[in-house]
Amino acid sequence: MSSNLLEKAYEPHEVEQRWYQYWEEQALFSAAEKSSQKSYSIVIPPPNVTGVLHMGHALNNTLQDVLCRYRRLRGDNVLWMPGTDHAGIATQNVVEKKLASEGTNRYELGREKFIEAVWEWRKKYGGEIINQLKRLGASCDWKRERFTMDEGLSRAVRKVFVDLYHEGLIYRGNYIINWCPRCHTALADLEVEYEERNGHLYHIRYPFTQGEGGIVVATTRPETMLGDTAVAVHPDDERYRDLKSEAVILPLMDRVIPLIKDSYVDMSFGTGGLKVTPAHDPNDFEIGMRHELAVVKVIGDDGKMTPAAGKFESLDRFDARKAVVEALKKEKLLEKIEPYKHNVGHCYRCQTMVEPNLSRQWFVKVKPLAQKAIEAVKTGKTRIIPDMWTKTYYDWMENIRDWCISRQIWWGHQIPAWTCEDCEEVIVSMDAPQSCIKCKGQKLVQETDVLDTWFSSALWPFSTMGWPDKTPLLKTFYPTTVLVTAFDILFFWVARMMMMGIQFMKDVPFKDVYVHALVRDEAGKKMSKSTGNVIDPLTVIEKYGTDAFRFTLAAFAAQGRDIKMSEKRIEGYRHFVNKLWNAARFALMHLDQPYETINLNNLSMPDRWVLSRLARVTQAVAEALESYRFNDAAAGIYNFVWHEFCDWYLEAIKPALYEKEGPAKKKTTLGVLWCVIHDTLILLHPFMPFITEEIWHKLPGTRGSIIKAIFPADQDKGAETRFDTGAESQMTLLIELISSIRNIRGEMNISPSFSLAATIQTKDSKIKDAIEQYKDIIINLAKLDFLNVTENAERPKSSATAVVGGATIFVPLEGIIDFGKEAQRLEKEINKLARELETVSKKLENENFLGKAPEDVVQQVKAKHSLLQGKQQKLQSNLNKLKEIES
Ligand SMILES: [Zn+2]
Ligand SMILES: [Zn+2]
């Protein structure tokens with residue numbers, strides 16, 4: 001037994017581990033800083049350091065890996081830059097939970113010790129997601145792995161902050177945040193826990209300044225009315241079209257406030273009037289900005305009413321609510337109070353009711369940056385694929401508002417701003433200043449806020465390559481070739497990378513942005529833990545192997561269409577992996593030496609056909625991958641491997657392989673077989689990296705890793721030279737003829753091993769010649785013992801017929817099947833089906849069942865119904881044919 005034989009069955013796990021280790025040891029994913037080859041680069045969307053590989057990551061990284069491996073085969077110098085994101089709030093929460101389980105918290109530890117604890121956590125657990133990406137086969141240049149909090153990236157963050165500040169593009173301003181009056185701290189959105197509560201809806205009438213009457217507004221927090229600075233209605237609201245008054249009187253405060261029109265207002269809610277309290281509601285704050293309304297803060301940071309609340313000053317916010325309601329009742333301005341269920345936010349730490357509160361925050365002025373980012377797409381410097389996302393990008397960028405970049409947490413890039421306690425001068429600089437630049441004072445206090453996590457990820461395409469230094473890596477690989485991303489971070493991340501890249505690198509961060517779809521469950525529902533429909537990538541990798549899983553993702557990655565993922569689909573592609581394995585195993589039993597050159601003069605028609613098909617598939621795969629049609633590329637190779645190479649070519653060459661046609665013929669055939677296996681492995685490699693590497697090393701004549709192979713289209717002669725339309729049309733004819741005879745066998749229930757005789761009648765001399773020429777192939781593959789080709793033929797008695805193109809096939813069945821018995825068998829089958837069908841039909845007519853059964857159960861029954869119906873029709877038509885034949 002020679003060493004190039006493959007194991008009987010493919011065992012993915014052992015193979016995957018072995019080859020991944022080999023790739024890393026051989027540094028096969030390494031990009032060269034300088035190279036004469038074409039550059040190709042992708043930066044990974046950095047997964048959170050707290051992340052665990054989910055379907056979204058699996059799809060995103062499989063597609064990137066397909067592109068990178070493909071470009072390496074095309075001879076490019078490929079950089080796939082990996083790394084992780086420090087994920088401020090998410091990571092801080094994980095570590096805080098750990099501390100809580102140890103009976104302590106971050107306040108007890110203090111900021112410095114807490115941050116140390118986070119770094120320790122990261123050292124211990126932060127590499128998990130990276131290891132999972134490796135199991136997926138990701139071919140990142142791991143020795144360049146970066147982290148958004150590492151030293152180089154932190155320097156880039158400070159540089160960007162300082163530069164934007166000095167250009168006037170970063171400023172401080174007021175902003176609404178979630179505030180815990182007990183902890184005396186701002187809370188991030190994720191730190192607020194919402195809970196449905198039984199509350200009340202208070203309807204308050206605000207009198208018009210002109211004319212009779214007033215407008216009624218409804219609120220769950222009546223105490224905030226003291227800080228109202230407007231009442232808003234929707235511009236399309238018919239009820240207020242002819243309103244005379246332009247203002248109302250704020251009850252209890254006797255302040256005149258404007259009546260404004262804003263499309264944020266929900267017309268269907270109550271009277272359609274909305275009280276606007278910019279200091280105590282985030283949406284009202286936005287309305288206030290649009291209409292330049294005053295901001296009156298009536299609830300203080302301690303949860304007590306401020307002097308701005310007039311006679312309610314210093315009352316606790318909950319006592320103030322009661323007092324305000326009483327006062328309104330007295331003035332007869334409270335129309336009604338109704339019970340009302342609503343979500344109330346609570347501090348995740350102490351359960352105190354959160355108060356939306358106005359506070360000083362840091363902002364990026366984005367308009368000037370956004371303008372350039374819009375132009376870059378308009379002028380085609382960056383393409384968004386599929387194109388449908390371009391409009392969304394413009395819409396968002398044109399309506400972009402200033403970006404609040406400060407967060408009141410500890411884990412992140414602390415803002416490089418210091419305030420002088422003596423003169424209040426603010427100093428923004430890369431490093432801690434020694435003394436105040438204005439008064440030379442020494443008491444400088446650094447801003448405690450950290451930057452929004454997206455601030456550092458916005459710099460990712462150039463900070464990872466060593467910016468602000470002018471590195472060779474930047475020179476070689478910036479702008480990157482393509483960004484592969486899901487649409488949900490198009491704005492959080494992609495738009496901001498565009499703005500920062502253009503601002504600091506004077507060039508776009510990527511030439512293409514490929515936006516892929518979401519992975520949903522089988523029924524098209526979003527996967528979620530609570531629904532229980534999550535498919536865990538690591539579980540399916542364990543069960544079906546990485547290659548089958550990756551191929552499934554690619555095969556369904558059609559542009560603009562979500563992927564419906566099911567284990568059944570992955571299982572289906574595992575059959576494909578096994579099919580490839582078995583085909584290679586068969587071929588390798590015969591391929592005892594390399595056959596790198598083919599004698600083109602001695603090729604048989606099936607040889608020419610398979611080489612032509614291979615050349616076309618090569619071209620189709622290249623075209624599909626270059627336009628991000630992953631599904632088309634996968635489908636192209638799948639069909640070639642399974643339905644052309646395995647189904648037909650391997651069958652057609654068996655006589656040659658067993659030397660029934662002489663040693664010279666065998667040698668030529670082996671040459672073609674070697675070439676097809678060799679090139680097919682290369683085509684499949686980007687999708688199925690492990691099994692292709694395994695077979696590659698068993699194929700005589702290959703050297704080193706398949707990663708270093710040359711894509712078929714770039715090999716010396718080029719693919720087009722192998723196009724052979726003549727062979728393609730001849731082979732198509734043979735395939736159709738053989739399939740028709742096989743169908744007759746199936747329909748008439750004749751064993752595949754029983755030899756038949758057939759007559760093919762055609763007046764087309766070209767077809768006739770082709771059939772004559774390749775008679776042996778038909779006889780062999782259709783399992784005939786006799787084939788007669790003729791221009792004129794009467795239909796032999798009791799023969800089945802089929803028509804293919806310009807030819808009619810007759811298969812005489814007299815004496816081969818017992819017509820009566822076969823008819824009986826079919827009738828029995830049909831009757832049995834009819835009974836089953838009746839049961840299912842009854843179920844579907846049952847209103848009770850339809851009304852009560854879950855939707856997916858009903859769908860299953862419907863599917864069964866149409867399956868039975870299909871079977872029945874097929875058998876009926878077989879029976880009809882049988883009766884025709886007999887006559
Ligand atoms: Zn609290
Ligand atoms: Zn000073």
Side-chain angles (χ1 to χ4, degrees), residues 88-111 114 162 165-166 171-172 175-197 199 221 223-224 279-282 297 299-306 316-321 342-362 406-412 415-450:
I89 295 162
T91 310
Q92 176 156 333
N93 280 351
V94 168
V95 177
E96 282 200 73
K97 270 187 190 141
K98 186 173 167 276
L99 292 178
S101 73
E102 293 161 3
T104 180
N105 60 51
R106 70 171 157 125
Y107 300 98
E108 268 178 37
L109 243 59
R111 185 165 189 147
F114 176 75
V162 171
Y165 180 80
H166 290 308
Y171 65 91
R172 294 182 83 179
Y175 198 66
I176 282 267
I177 46 152
N178 304 299
W179 183 261
C180 174
R182 198 209 66 93
C183 301
H184 232 257
T185 179
L187 300 171
D189 289 340
L190 283 173
E191 296 175 317
V192 179
E193 291 170 355
Y194 289 92
E195 198 180 293
E196 200 179 60
R197 284 282 171 95
R221 299 191 302 152
E223 69 283 5
T224 62
H280 298 287
D281 181 281
K297 184 163 164 167
I299 304 170
D301 292 352
D302 53 1
K304 292 199 165 91
M305 306 308 283
T306 66
D316 174 81
R317 54 183 171 150
F318 298 108
D319 295 333
R321 177 173 300 178
H342 62 133
N343 282 321
V344 180
H346 293 87
C347 172
Y348 79 110
R349 214 166 31 233
C350 73
Q351 295 307 310
T352 301
M353 197 186 286
V354 165
E355 198 62 51
N357 203 346
L358 206 60
S359 78
R360 295 272 278 173
Q361 300 288 334
W362 293 86
S406 42
R407 293 292 182 271
Q408 289 72 44
I409 53 171
W410 288 354
W411 176 241
I415 290 177
W418 287 261
T419 309
C420 170
E421 286 199 329
D422 295 327
C423 73
E424 294 195 346
E425 176 73 8
V426 173
I427 305 154
V428 169
S429 79
M430 288 282 287
D431 304 299
Q434 295 302 311
S435 60
C436 171
I437 45 169
K438 208 167 144 196
C439 75
K440 303 285 174 238
Q442 301 282 314
K443 284 184 237 155
L444 298 170
V445 180
Q446 189 174 0
E447 168 68 80
T448 54
D449 287 1
V450 300

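Note that the structure is predicted; figures quoted are calculated from it, not measured. First listed ligand is number 1; within each ligand, the first listed atom is number 1.
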**Message:** Between E195 and R197, does any side-chain N to carboxylate O distance fall below 4.0 Å?
**Reply:**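 Yes, E195 and R197 are salt-bridged.
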
**Message:** Do the side chains of R360 and E447 get close enough for a salt bridge, i.e. N-O under 4.0 angstrom?
**Reply:**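 Here R360 does not pair with E447 in a salt bridge, since their nearest N and O are not under 4.0 Å apart.
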
**Prompt:** So which heavy atom on M353 is nearest to which on P181, and how close?
**Reply:**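 Closest heavy-atom pair between M353 and P181: O-CD, 3.7 Å.
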
**Prompt:** Testing N357, I299, L358 for side-chain contact (heavy atoms from CB on, under 4.5 Å) with W179, which one passes?
**Reply:**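 When side-chain contact (heavy atoms from CB on, under 4.5 Å) is applied between W179 and each of N357, I299, L358, only N357 qualifies.
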
**Item:** Separation between CE of M305 and OG1 of T224, rounded to the nearest 0.5 Å
**Value:**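 Separation between the atoms: 8.5 Å.
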
**Message:** If I take atom NE2 from residue H346 and atom CD from residue Q351, how far apart are they, to the nearest 0.5 angstrom?
**Reply:**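 Going from the NE2 atom of H346 to the CD atom of Q351 covers 6.5 Å.
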
**Prompt:** Which protein N, O or S atoms lie under 2.8 Å from the Zn ion (ligand 1), given by chain and residue number?
**Reply:**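 You should have found C180 SG, C183 SG, C347 SG, C350 SG.
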
**ring pair (Phe, Tyr, Trp, His ring centres under 6.0 Å) partners for F114, two or more places apart** =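 Residues passing ring pair (Phe, Tyr, Trp, His ring centres under 6.0 Å) with F114: W410.
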
Residues 416-439 side chain polar contacts: donor-acceptor under 3.5 Å, at least two apart:
residue: S429; atom: OG; partner: D431; partner atom: O; Å: 2.5

**Asked** How about E196 and N343: does a side-chain donor come under 3.5 Å of a side-chain acceptor?
**Response**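 No, no side-chain donor-acceptor contact under 3.5 Å.
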
**Prompt:** Tell me, which protein N/O/S atoms are under 2.8 Å away from the Zn ion (ligand 2)?
**Reply:**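 Hits for the Zn ion (ligand 2) below 2.8 Å: C420 SG, C423 SG, C436 SG, C439 SG.
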
